[in-house]
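Encoded as structure tokens, the structure appears first; notes follow it.
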Amino acid sequence: MTINEIIQTAVIAAIKELYGETISSEQAAPAVTRKEFEGDFTIVTFPFTRFAKKKPGEIAAELGAHLVKNVPQLDRFNVVQGFLNLVVADSFWTDFLAQIAGNEHFGRLPKNGQKVMIEFCSPNTNKPLHLGHVRNILLGWSCSQICEAAGYEVKKVQVVNDRGIAICKSMLAWQKFAEGATPESTGIKSDHFVGDWYVLFEQKFQEEYRAWQASAAGQRVLGEKRKPEQSDEQFFKDFKNSYFNEHSNLGGEAREMLLRWEAGDPDTKALWQQMNQWVYDGFGATYEALGVSFDRFYYESETYLLGKDIVEQGLASGVFYKKEDGSVWADLTDAKLDHKVVMRSDGTSVYITQDLGTAQMRYKDFGTEKMVYVVADEQNYHFQVLFEILKRLGEPYAAGLHHLSYGMVDLPSGKMKSREGTVVDADDLIAEVIAEAKEASKERGELAELSKENQDDILRKIGLAALKFHIIKVGPQKRMVFDPKESVDLQGQTGPHIQYAYVRIKSVLRKAADLGLEPSAIRPDRMSGQSAIEPQERELIAQLYRLPATVETAAANYDPSEVANYCYDLAKAFHKFFTDLSILKADTEVAKAFRLQLCGAVANALRTGMGLLGIEMPERM
RNA sequence: GGCUCCGUGGCUUAAUUGGAUAGAGCACCUGACUACGGAUCAGGAGGUUAAAGGUUCGAGUCCUUUCGGAGUCACCA
């Protein structure tokens with residue numbers, strides 16, 4: 001039982017005994033006492049006035065006396081207004097520290113026997129990854145790490161959008177203009193190479209479109225279709241898709257290519273495979289740079305026909321209905337989700353049909369009780385519909401579905417738009433934060449005597465810590481403004497600030513070892529006698545104590561920012577402790593050993609917590 | 001227009017899910033090492049939590065309305 005649970009059950013029992021009322025565990029839950037008051041946990045007694053018929057302060061006093069008498073872990077209490085502040089005995093904290101000291105797995109919960117699948121990243125294969133993908137990947141990755149630490153068996157999967165008109169554009173442009181160039185021959189990273197052809201296609205298409213606008217044919221269409229309130233410019237902007245589909249030569253060629261692909265034309269398939277392979281190689285390098293990996297890739301080219309049997313089932317069971325033209329719909333109006341097409345009148349599937357099929361397929365593959373989709377909030381409606389349909393179909397995993405919806409990333413200059421070239425490229429970004437770390441490190445000169453290899457490894461860890469922490473510390477649902485300048489900050493509420501706490505500990509532990517003070521030689525039984533701990537020490541231990549609960553709630557909420565905030569708070573408490581109290585020159589040998597042990601435990605917790613965010617800790621910096 | 005989400009000092013954000021005087025960081029100002037790493041710490045200034053009502057012992061959090069921003073409402077993905 002945790003101390004929280006001990007207090008909670010004691011409060012319930014005490015209220016029952018004192019006032020004869022059975023209260024909910026919610027009402028008995030202790031909160032963390034605010035810093036300005038003495039105490040570790042606080043019980044709010046206002047709700048008890050209803051049945052106790054006494055003033056909150058009196059209840060708090062009675063309850064406090066009762067608890068301190070009956071709960072050995074509690075030392076004393078004080079009452080401020082209706083708030084009962086409980087002080088946990090020092091021995092409880094020192095015992096706890098002795099218990100976790102040296103346990104590198106502290107913070108990781110035992111296996112719970114459940115499986116969760118987390119889908120994230122899911123890129124298109126026609127261009128390189130950008131900042132939006134980075135947020136997605138970091139969220140997905142840290143969620144998977146957190147779930148694993150919370151006891152789940154985790155499957156990390158990705159759906160690759162490897163087919164469709166977009167990749168055909170890259171293919172066509174390469175075929176027409178590349179003259180056999182390859183990533184190898186040009187020295188361009190292979191996913192960027194493919195993206196370049198996509199960009200070229202768009203340029204050529206724009207040229208063609210502009211020429212057409214001035215032509216007789218273009219002017220004729222303008223005359224026929226322009227609405228009175230539209231300017232010529234606005235008309236052509238809105239008409240772009242129709243032009244692509246109905247008039248454009250390049251558009252026609254791209255669509256023909258898609259048809260050939262769907263017909264299984266060998267040459268087209270070969271080219272498609274080549275282009276995609278280039279992209280995968282490039283993505284792979286980016287994933288590696290970010291330190292993430294996947295257990296399974298699903299390819300849209302293999303899943304886009306799925307789901308038709310589900311449609312049949314749904315029709316049979318009355319979840320779907322068929323219109324006269326043959327299209328199939330789900331009526332979700334009673335869930336305020338309107339009507340939704342699940343199959344076109346020509347019998348082909350739409351996006352959501354595929355997702356229905358994919359969900360079923362993945363359940364068959366892994367049998368996971370929970371499935372999490374890390375997808376931007378622009379698809380909120382889509383997932384509401386998807387989950388609602390799966391629920392109505394009676395799928396066994398329907399209750400465990402979750403859309404981890406996150407806000408899009410904006411730049412200080414506004415929205416990222418690939419067409420306008422305002423996207424921040426993932427590879428550039430990674431290189432930039434590492435370069436920035438290098439710059440800062442040069443000024444400090446701490447790493448000078450280390451090997452080049454060692455230095456590079458450290459700088460990589462620092463740069464990525466800055467980037468990752470900057471993104472993950474923000475709650476997922478919040479739309480965020482990404483300022484590249486701030487993302488490379490190394491001071492304040494940042495990844496490197498937390499790494500620095502770890503590095504300081506490592507440095508002290510090295511010095512301690514030189515002095516013959518091996519933390520491993522410190523016996524827990526010797527520590528538990530330690531009493532009268534300093535407030536800074538107490539704060540640190542209490543903070544350590546919260547790690548498992550933090551992991552648990554972060555997993556339950558699928559919210560990595562909770563772990564990020566925890567790490568920051570812990571590092572902050574450590575820095576305070578470190579400047580206020582001397583470790584190696586503590587007054588007594590016991591105090592020295594105690595503080596060393598505390599340092600070791602903090603280092604472990606920091607490494608574990610940051611590890612859950614995909615952030616590595618350097619030994620020096 | 002319907003539905004959904006967001007709005008917290010100049011900027012970026014937190015608030016243990018309804019609890020105490022809204023907590024941090026950046027930027028600004030002032031201090032702190034012949035001491036274990038100053039990428040640190042302490043202090044100062046900066047707030048009507050977009051606005052107005054309501055619910056109650058208690059509201060940044062829940063309800064209503066208004067304002068502002070975003071997303072979505074395809075036989076696209």
Side-chain angles (χ1 to χ4, degrees), chain A residues 4 26 29-37 42 44 46-47 49-50 56 80-83 85 124 161 164-166 241 300 304 323 325-329 336-338 340-346 348-352 354-355 376-382 384 405 407-408 410 412 415 437 440-441 443-444 446 462 470 473-475 477-483 485-486 489-494 496-501 503-512 515 546 549-550 553 557 561-562 565 568-569 572 574-586 595-596 599 620-621:
Chain A
N4 302 63
E26 282 274 294
V32 173
T33 303
R34 296 178 64 104
K35 276 217 180 92
E36 57 266 39
F37 303 102
T42 296
V44 183
F46 292 98
T49 54
R50 199 188 74 251
V80 181
Q81 295 166 15
F83 297 90
N85 300 321
N124 291 323
N161 298 305
I165 195 72
N241 271 338
E300 203 203 337
Y304 80 109
K323 282 194 179 173
D325 63 5
S327 57
V328 179
W329 294 73
K336 282 169 52 174
L337 291 170
D338 214 339
K340 184 77 188 173
V341 161
V342 294
M343 185 139 76
R344 296 193 186 97
S345 48
D346 63 5
T348 57
S349 37
V350 294
Y351 181 53
I352 197 159
Q354 221 187 109
D355 271 0
D377 62 7
E378 59 186 352
Q379 297 203 40
N380 283 352
Y381 176 74
H382 170 76
Q384 279 174 25
S405 168
M408 309 273 268
D410 291 323
K415 265 187 93 161
S441 169
E443 288 172 23
R444 290 167 52 81
E446 290 281 348
I462 297 171
H470 184 251
K473 74 176 179 187
V474 181
Q477 82 293 345
K478 206 153 189 163
R479 197 177 180 101
M480 71 178 285
V481 176
F482 183 88
D483 188 336
K485 284 201 296 286
E486 285 176 12
D489 277 351
L490 307 171
Q491 287 158 19
Q493 197 174 18
T494 68
H497 174 268
I498 298 166
Q499 287 177 321
Y500 184 57
V503 164
R504 283 176 129 181
I505 293 171
K506 288 294 160 173
S507 179
V508 170
L509 292 181
R510 280 194 299 269
K511 286 236 160 63
L515 297 170
R546 282 176 209 133
T550 303
T553 56
N557 298 334
S561 71
E562 292 176 20
N565 287 323
Y568 174 70
D569 288 342
K572 193 175 158 64
F574 174 77
H575 283 306
K576 169 82 173 148
F577 159 84
F578 189 83
T579 42
D580 287 355
L581 303 172
S582 184
I583 298 160
L584 299 177
K585 293 186 179 167
R595 287 176 189 169
L596 278 173
C599 284
R620 303 162 194 270
M621 60 194 286

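Computation of the quantities below employed the complete heavy-atom set of this structure, encompassing side-chain atoms and omitting hydrogens, waters and symmetry-equivalent molecules. Chain identifiers are assigned alphabetically (A, B, ...) following the order of the sequence lines, protein sequences preceding nucleic acid strands; residue numbering begins at 1 within each chain.
- To the nearest whole angstrom, the two P atoms, one in A27(B) and one in C11(B), are 16 Å apart.
- Between the T579(A) side chain and the H575(A) main chain, a donor and an acceptor come within less than 3.5 Å of each other.
- Of the possible polar contacts, one joining the S349(A) side chain to the Y304(A) backbone as a donor-acceptor pair under 3.5 Å is found.
- The nucleotide A59(B) finds no pairing partner, because no Watson-Crick or G-U wobble arrangement with both distances shorter than 3.5 Å includes it.
- Base engagement by R620(A) is indicated by at least one non-hydrogen atom pair under 4.0 Å involving a base atom.
- When atom types are taken as modelled, the side chain of K511(A) and the backbone of L584(A) share no donor-acceptor pair closer than 3.5 angstrom.
- Within 4.0 Å of F46(A), counting heavy atoms only, lies at least one base atom of the nucleic acid.
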Worked check of side-chain hydrogen bond (donor to acceptor under 3.5 Å, both in side chains) between T494(A) and D489(A)
CA-CA 7 Å; T494(A) 68; D489(A) 277 351; over 6 Å; no
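- Note on D355(A): nothing from the nucleic acid sits closer than 4.0 angstrom, heavy atoms only.
- As judged by a 4.0 angstrom heavy-atom cut-off over every strand, I165(A) is placed among residues making no nucleic acid contact.
- Among the heavy atoms of the strands lying under 4.0 Å from E446(A) is at least one base atom, whether or not backbone atoms are also near.
- Close to G38(B), at under 4.0 Å from its OP1 or OP2, lies a side-chain N or O of R504(A).
- Going from the C1' atom of U40(B) to that of C33(B) covers 11 Å, rounded to whole Å.
- Y500(A) places no side-chain N or O within donor-acceptor distance of the main-chain N or O of Q491(A), the cut-off being under 3.5 Å.
- For A77(B), the OP1/OP2 oxygens have a side-chain nitrogen or oxygen of R344(A) closer than 4.0 Å.
- One interatomic measurement links the two molecules: CG of D580(A) to C1' of A35(B), which rounds to 13 Å at whole-angstrom precision.
- In the set G19(B), A77(B), U17(B), the nucleotide with an atom closest to the side chain of V44(A) is G19(B).
- If you measure from atom CD of Q477(A) to atom P of G71(B), you get 17 Å, rounded to the nearest angstrom.
- If you measure from atom CG of D410(A) to atom C1' of C6(B), you get 12 Å, rounded to the nearest angstrom.
- U8(B) is unpaired under the criterion used here, namely a Watson-Crick or G-U wobble arrangement in which both key atom distances are under 3.5 Å.
- With hydrogens and angles left out, the side chain of D489(A) and the base of A39(B) share no donor-acceptor pair within 3.5 Å.
- Among the atoms of the strands shown, only primed sugar atoms or phosphate atoms (P, OP1, OP2) are found under 4.0 Å from some heavy atom of K415(A).
- Rounded to an integer number of Å, the gap from H382(A) NE2 to U72(B) P is 13 Å.
- In this structure, the aromatic ring of F83(A) is positioned over the six-membered ring of the base of A20(B), centres within 5.5 Å and planes within 30°.
- Distance CE (M480(A)) to C1' (C11(B)): 13 Å, rounded to an integer number of Å.
- Looking at heavy-atom distances under 4.0 Å, K572(A) makes contact with sugar-phosphate atoms alone, never a base.
- Residue-level contact check: R34(A) touches the bases, meaning some heavy atom is under 4.0 Å from a base atom.
- The separation of G18(B) from A77(B), taken at their C1' atoms, amounts to 42 Å, rounded to a whole angstrom.
- The separation of U55(B) from C73(B), taken at their P atoms, amounts to 40 Å, rounded to a whole angstrom.
- With a cut-off of 3.5 Å on both pairing distances, U21(B) has no Watson-Crick or G-U wobble partner at all.
- Rounded to whole Å, atom C1' of A27(B) lies 13 Å from atom CG of D483(A).
- C73(B) is paired with G1(B) under the Watson-Crick or G-U wobble criterion, all donor-acceptor distances under 3.5 Å.
- Between U13(B) and G7(B), the two P atoms lie 10 Å apart (nearest whole Å).
- Residue L581(A) is in base contact, counting any heavy-atom pair closer than 4.0 Å across all strands shown.
- Among the heavy atoms of the strands, none lies under 4.0 Å from Q81(A).
- For a distance-only test at 3.5 Å, the side chain of T42(A) qualifies as a donor-acceptor partner of the base of A20(B).
- In the interface, the side chain of D338(A) is not paired with the base of U72(B) through any donor and acceptor atom under 3.5 Å apart.
- Among the atoms of the strands shown, base atoms are found under 4.0 Å from some heavy atom of N85(A).
- Between F83(A) and F46(A), the ring planes lie perpendicular to each other; the angle is over 60°, past the 30° to 60° tilted range.
- In this structure, V32(A) reaches the bases: a heavy-atom distance under 4.0 Å links it to at least one base atom across the strands shown.
- Comparing Y500(A) and H470(A) by the nucleotide of RNA chain B whose heavy atom lies nearest to each, the residue mapping closer to the 5' end is H470(A).
- Base pairing annotation: U16(B) forms no Watson-Crick or G-U wobble pair, as no partner gives both donor-acceptor distances under 3.5 Å.
- Take the nearest nucleotide of RNA chain B for S349(A) and for R479(A): the residue whose nucleotide is more 5' is R479(A).
- As rounded to the nearest Å, A50(B) and G9(B) have P atoms that lie 7 Å from one another.
- H497(A) has a side-chain polar atom (N or O) that falls below the 4.0 Å cut-off from OP1 or OP2 of C41(B).
- Taking atom P on both nucleotides, C63(B) is separated from U56(B) by 16 Å, rounded to a whole Å.
- Using a 4.0 Å heavy-atom cutoff across all strands shown, G475(A) reaches sugar-phosphate atoms only and no base atom.
- Using a 4.0 Å heavy-atom distance criterion, F578(A) is classed as a base contact.
- Nucleotides U30(B) and U8(B) are separated by 27 Å at their C1' atoms, to the nearest Å.
- In this structure a side-chain-to-backbone donor-acceptor pair under 3.5 Å is present from R595(A) to S582(A).
- For C26(B), neither phosphate oxygen OP1 nor OP2 lies less than 4.0 angstrom from any side-chain nitrogen or oxygen of K485(A).
- Counting to the nearest Å, the P atom of A20(B) and the CZ atom of F37(A) are 9 Å from each other.
- The CD atom of E26(A) sits 7 Å away from the P atom of U17(B) (whole-angstrom rounding).
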